[in-house]
Every structure is written in C-alpha cells, then in structure tokens.
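Working notes for the structure below.
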Amino acid sequence: MLDLLNPAQKQAALTTEGPLLVLAGAGSGKTKMLTSRIAHLMESGLAKPHEILAVTFTNKAAGEMRERVERSMEKSQTPVYGIPEIGTFHAVCGRILRREAGLLPFTKPYVIYDDSDQLSVIKSVLKKLNIDDKVMSAKSFQYAIDRAKCDAVEPEDMQAPGFSPFERVLKDVYRQYKEDMIGNNAMDFGEILCATYRILRDHPEVRARYQKRFKYIHVDEYQDTNRVQYLILNLLAHPSQGGHGNICVVGDEDQSIYKWRGADIKNILDFEKDYFNAQVVKLEQNYRSTKTIISAASDLIGHNTQRKNKKLWTDNEDGSPIVQLQVADEREEADVVVKELARLARDENRSMDEFAIFYRTHAQSRQFEDFLRRDKIPYQVLGGLRFYDRKEIKDILCYLRLIINPLDSVSVKRVINTPARGIGKTTVDKLEALGNGNLWLGLEAVMGDPSHFPAKTSKKLTDFAQMILGWIHVSASIKVSEMYHRVLDDIQYVKALKDEGTEEADARIDNLEEFDTLVAEFEEEVFSEEEKLEAGQALVQFLERTTLASVTDDEGKMVSTVKLMSLHSSKGLEYPVVFLVGMEEGLFPSIREGQEKDPEELEEERRLCYVGMTRARERLYLSHANIRRQWGQFSYQYPSRFLEEIPQSFRIMRDFAGSRKTESSSYTSSYSSQGYQAPKLSVVPTYESSDSKFIGKRFDHPDYGYGKIVSSEGSGDTQKVMVEFKDQSKRKFLFRYVKSFLED
C-alpha cells in the first residue's frame, strides 16, 4: 500500500516513532496516508491492532478509516488478527468510561442524555433556583455549560461572577445541574469527555494502563480539537505525563472553522512547542481541483497570519477561470445561479448531483429554493432544514393562519406556548376537552367564564386569545408586512431568541429576517403602488403561496439533486461545480453593522472562504449583489474583501447589474424569468471611480458617527461613496441621500 503514496505521504506513513505533525492541505489524500500508516504499523510488526488508537470527529470518517484499514489488511501478506481502536472522540472515551465505571460517581450504570434531555434538566434547575426562564433562557445556560465543558472547566473552576445577571447565576446553575445529572445517573455529551479527562488526570495507575496499551496514537482533523480533547491526548501521549510520545496528528490550520464550537486553532499551531522534538511533514499536493482554483484559494488564505508556511499545488489542468457574478439583488442572484447551473447541466451533460450552492447563513437558502422549485430542479438542503420546514418559520405561519382561521387547532396547539408563556400540556389538554376537541372554542369558553382554570392560568389563556382577536380586528386594514411585524412585536419572538444568545438563536433570527424579505417580495409582485389592496385577502393569498411552496414533489424519490448548504456544512465534501453566493461585506465576511471583526474572527471567516473554494473540482462561481434587503429595507452592499484578495488573473466578471436601476427608494427587482440573458464579460474591475472630488471629505452620519469618504463610483443620482468610520468599519451609501451629512 505504501507504493501508492506520493513522497510526502510515504514519509508521513514511515515516520512512526515520536511526535509527528502532518500538515495536510485540502484534497491532499490525508485519509489515504493515515490508513497506510496504520496498516504499516501492523504489517511491520511494530504494533498489534489493539495497541493502535485513531480518533476523528465524525462516525462517517471513523467508519471510512476502519473500512480502508480492513481492506488493506485483507490484501496483506502478513496475517493480522483484530482491528485497531478507531472511532470518534466520544466513542473512544465512552468505551474507556464503560471499562472504568467504578471510578464514576454513579450508583448504577449511567445513561447518556441528548440535547433535549439536557435542556429539560436545566429547566428543572432554573425552577429549583427560582430563576425566571423568560428572563434568562434555559438554552442560554445550556450553551454556556457546553462551552465550559469544551474547556474542561468545572463549576468550582469558574471565575468570579461578572456584572451581568446571567454571569452571576451561571456558576450556581452549573453546580446544581451537575448534581442533578449525577442524581439521574446520566451524562451529557460534554461530560463523556470531561469524565474521561478527570479519570486519566486523577488516577495515575489508570493513565499508565492506557499509555501502555495505546503505543501509537493518531488524531485526524487536529485543528478542530477543543481544550478538553487536547488535554486527554496529552495525558495519553506526552512524555511529561509518562506517555511514549508516539502521537501523529493530522490537520490543516487553514481549515479551522469551528471556533464557535470550541475548537482551538492554537492546538495545531503550537504542536511543535508542546512536543519540542516533533517532526513535520507537509502534504501540499492537491488531487481534487484545477490549478486555477488551487492557486486562487492559496493566494486568498495567504492573507492570514495564523498559519504554517505551506502552499497547495496540483498537477491537474489549469481549468476554467473563476467566474465572479455581479447581480442587482438577492433575487436576481438566485435567478442567475439557477439558470447558469441549468445551462451547464444541459450544455455539458452534467447531472444535478454535480452542483452545490454554498452560503454563509442558512437564511440565504430561501431564494435559491424558490427558483429551483420554479424551474422544477430537484434539490436537497444539507446540514439544515428546507426554509419552510424550519421551526421559526412554521411558528410564524401558524400565527398568521390563526388570523384567517382561529379554529385551526393544529396551529393553536403549536404556538400557544411559543415563545414560552407558562401554558403546559395539562392546560392544553383540559382546554381541548372544554372546547369539545377544538382549542379555540375552549379559549372562547375561558374568555366567557374564567373560573374553568385558576386565575393565573385563565389570564394567560385570555391574554393569548385577546392578542389573536386584536390581530383579526386590524387584519383587514393593514398590509401583510405590517401584520407580520405586529405579530413579531406582540409575541416578542425576536427578543426571546436574542435572550438565548446562542448560534442557533442567531440563525433563527436570520430566518425571520428572510421571512420579512419574502413578505416584501410578495407585496411588490402582487400589488402595484397605486392599487388599493385588500389586506385581509392579501394575507390569504400569501398563506396559500407559502403553503404551496412548502410542498415538495421529490420526497422519497431517488433523484439527482442540487445540494444547498452552509459553508460550515461543506467541509469534507467536494463537487465538480460550486456556487459560493452572497460574497458581500457584512454577510461574508460576517461583520456586524457598524463594527469591524477582530483579526482572529476575520481570519476564521477567510478560512471559511478557503474551505468553500477548495470544495470545487472543476468550476467555481463567486456571486455578490449590489443591493440586499434586510428586515424589509434595501441596503447597498460592498463586494467582499475576499474577492479583492483573489488575483484578477484567476477570475472573470459577469455583470448582470451594471446598467440596472439601483436607487433603493424606488428599486424594483430586475431579475427575469424569460430565458438566460447573455452577460457582459470582462476582467474584474476595481471598485474605485474617476470621480474623486469628494474623497477625503469628513462625514458625520446620525447613526454611525464620524468618518471620511475613501472611494467613490458612478455619477449623478447613482453615485455611491464608501465611508470609513472611526472604528475602521466601512459602509457604502448613495451619495444623494447622504451628502447633507458632509462637513464643510
């Protein structure tokens, strides 16, 4: 098997003694190298199967590694019996804990709680500690506890409480949660790792036994390890802890994109400091992508400072240039991308399985889903739900349906306690019985006679019903968009999500923002500005349209599908044709309004772009819109800095928006469903303009404060200026709207 490796791969496979760092670039054959190395250890007699440990991050990766090792050994001339210990961190640690169960603080065999079980325990803890979960959500505590466990932090290790009410009670919640989990004879996923770490740390005789057993340790995707995983590996392998030092870690710091999950890029960057005699092997030959894609991606990632000195190369052909798509707005972006992939499928005889669309946030999928459905192109959303299947979208649609039909018991049951109002299942069951099977009739009965329930419960039910009646009363006189915002304000859905403070909650807010765009598009398409619309009927039409959009025709069928996914979900995958969309400042890189990312966060965003680009084998498209609607308001977008960091020699521009009307005050979507418009093709321009008489002028914006104009493009009513503010953030404005803010 070693004969099939390139020189660098072979060197890594044969370097068996002592610490080894393998820097494996994207598409460089690291799995092939790892399995060859493991097979070599057994074939050469250096190790028996049970003396080899290999850990990775997904069951899929572990299964693939195990299968490859087994196939290799079947072809071996040397009989080997058994297979190495190969699995995810959680699987390997779980097996250790089962063997060392006597050292755990349980009275009987423990069970493992999933995320929903864990959340239930935290809710009971909050109730026990008299903490209002409407003020501080259980999910916020769940997220904080999980992060603490990623860092191997115990309740007693937590720092003194901060100034926020949440920080002041977190330590107590964490301590009580730990006690209750022990009382339940249960562990969560994070505790599997933490308990393993504590046993290895506190019981030298146990640690010595595993050090002796695992003579050779392999770690895949080392850049994704968190603190507790790092500590476990150190206890097993580091000479200072009595370990043998035979640890081979394989990874790529340029693909470290999971900081938000607790991954610490310093683990791979500092490996040579942790193991001073470590050898380093670089796998820099890419077998996946064209020269153009690899060269462009390498130049992009070269702008990062937190990285090792390596650069990918390939013997593959040059391939097609990267295509930069400039479009008017997000709707035209989806239209252009879908038409282009359909053209490639037709002209190049490609199956839909060969196409992937990557985006920075899940909310961006909605536009592409709409246009794929329009053109009857089957698609699949990976790593997430289809837009209309997402919880927050279903919740909002149920609220809107109740305005049209309050007798809809399915919708009432879904939202009567969403967000939480303290209306539990027992109350709902009694309410249903009171209404002879219909929840709304039950609510009407309570409004007529509150004595059916205790006073506190009756008030909650009455408030809920009166809120819906209020919406029904105004629904005939306000637009769908106004109705949507009134519903959001009254139920405080966004506030509840913001209070959670989790990545998941932020994604849900993005989806609610995208729903706002969906409503605005509906109103623009169906009604003209002059037409006096019937608001109530508009809501009926809108709900009918969204219901039809949520129905899919390809469920359960074995069909070739276009894949849609977030950039985080794309890691480890590859496709012949990739569309990386939404490449605009503020969206990708993700930068909060009026703020600049700190250098470390910006570098992770750049690594995310690098990962997306290197998923493409043959063709790569990068798209950005001039305008993007956010919470119903048009915002001018500046092309992502990452586009400028890719040399112009590797990309060409297809401009679909250059001659389109772009004033936000009277903007109408310029996409066309009629045929595929031939684009203008040119070398990518810079974004400076010859009209520079305002450059350097100071600028005092009422929302963003002081700044100065650093660039200008266009002229007349369409002239746009880029303003750099004191915090070094940059924003683009239509000059005619902001010139009154210029200082003399």
Side-chain angles (χ1 to χ4, degrees), residues 123 133-134 388-497 508 511-512 515-516 518-519 522 533-551:
K123 287 179 179 178
D133 64 358
K134 295 189 184 104
Y388 294 103
D389 291 335
R390 294 167 191 169
K391 179 185 183 303
E392 57 280 4
I393 302 305
K394 283 189 170 185
D395 290 345
I396 289 301
L397 286 172
C398 282
Y399 273 115
L400 294 177
R401 287 181 187 128
L402 290 177
I403 298 170
I404 303 301
N405 175 25
L407 293 172
D408 177 3
S409 278
V410 172
S411 291
V412 173
K413 185 173 287 189
R414 181 179 181 94
V415 301
I416 195 170
N417 198 42
T418 303
R421 299 184 178 90
I423 301 174
K425 183 178 184 301
T426 302
T427 300
V428 172
D429 290 344
K430 185 176 178 181
L431 192 66
E432 195 168 29
L434 188 62
N436 292 318
N438 187 279
L439 287 170
W440 182 256
L441 295 180
L443 286 167
E444 287 185 334
V446 175
M447 285 189 287
D449 182 3
S451 66
H452 288 294
F453 290 90
K456 189 175 181 181
T457 302
S458 288
K459 185 178 187 312
K460 292 175 184 175
L461 295 173
T462 301
D463 288 348
F464 175 74
Q466 292 288 0
M467 180 174 65
I468 294 172
L469 288 173
W471 298 339
I472 293 171
H473 178 71
V474 301
S475 62
S477 59
I478 65 175
K479 293 182 179 181
V480 179
S481 54
E482 294 170 320
M483 190 76 253
Y484 171 57
H485 281 279
R486 176 159 182 167
V487 169
L488 277 185
D489 290 343
D490 286 352
I491 66 176
Q492 295 190 309
Y493 204 129
V494 174
K495 180 184 182 300
L497 290 171
R508 293 192 187 283
N511 288 330
L512 292 173
F515 190 88
D516 194 43
L518 173 68
V519 173
F522 165 79
L533 58 87
E534 295 182 29
Q537 187 59 32
L539 181 57
V540 172
Q541 285 186 244
F542 175 75
L543 290 172
E544 286 178 355
R545 176 174 293 199
T546 54
T547 301
L548 291 173
S550 67
V551 176

Tell me which pairs pass salt bridge (charged side-chain N to carboxylate O under 4.0 Å, His left out) where either residue lies in residues 431-451, with sequence neighbours left out.
K413-E432

Who are the side-chain hydrogen bond (donor to acceptor under 3.5 Å, both in side chains) partners of S481, not counting sequence neighbours?
E523

Residues in salt bridge (charged side-chain N to carboxylate O under 4.0 Å, His left out) with K456, at least two apart?
none

Is it the case that the side chain of T418 and the backbone of V415 share a donor-acceptor pair, with hydrogens and angles ignored and the cut-off at 3.5 Å?
no

Interatomic distance, CG@L543 vs CG@L539, rounded to 0.5 Å, equals 4.5 Å

Those residues at least two apart in sequence (or on a different chain) that pass side-chain hydrogen bond (donor to acceptor under 3.5 Å, both in side chains) with N405 are none

Sequence neighbours excluded, the answer for ring pair (Phe, Tyr, Trp, His ring centres under 6.0 Å) partners of F542 is F515, F522

Side chains of V487 and M483: closer than 4.5 Å at any heavy-atom pair?
yes

Greater than 12 external heavy atoms within 6.0 Å of K460's NZ
yes

Please list, chain by chain and in numerical order, all residues satisfying side chain to side chain contact (heavy atoms under 4.5 Å, CB included) with Q492, sequence neighbours excluded.
K495

Counting distance only, does the side-chain N/O of N417 pair as donor-acceptor with the main-chain N or O of G424 below 3.5 Å?
no

With W471, which residues qualify under ring pair (Phe, Tyr, Trp, His ring centres under 6.0 Å), at least two apart?
Y399

Can you name the salt bridge (charged side-chain N to carboxylate O under 4.0 Å, His left out) partners of D490, sequence neighbours left out?
R486

Taking salt bridge (charged side-chain N to carboxylate O under 4.0 Å, His left out) as the test, write out the residues that go with D395, two or more places apart.
K391, R414

Between CG of L461 and CZ of R421, what distance do you get to the nearest 0.5 Å?
10.5 Å

For N438, give me all partners under side chain to side chain contact (heavy atoms under 4.5 Å, CB included), at least two apart in sequence or on another chain.
L407, S409, W440, L441

Given side chains that start at C-beta, do those of I396 and I491 come closer than 4.5 Å, heavy atoms only?
yes

Can you list every pair that meets salt bridge (charged side-chain N to carboxylate O under 4.0 Å, His left out) and has a residue in residues 461-471, with sequence neighbours left out?
K459-D463

Partner set under salt bridge (charged side-chain N to carboxylate O under 4.0 Å, His left out) for R508, not counting sequence neighbours:
E392, E504

CG of L497 to OH of Y493: how many Å apart, nearest 0.5 Å?
6.0 Å

Taking C-beta and beyond as the side chain, do T462 and P450 meet within less than 4.5 Å on heavy atoms?
no

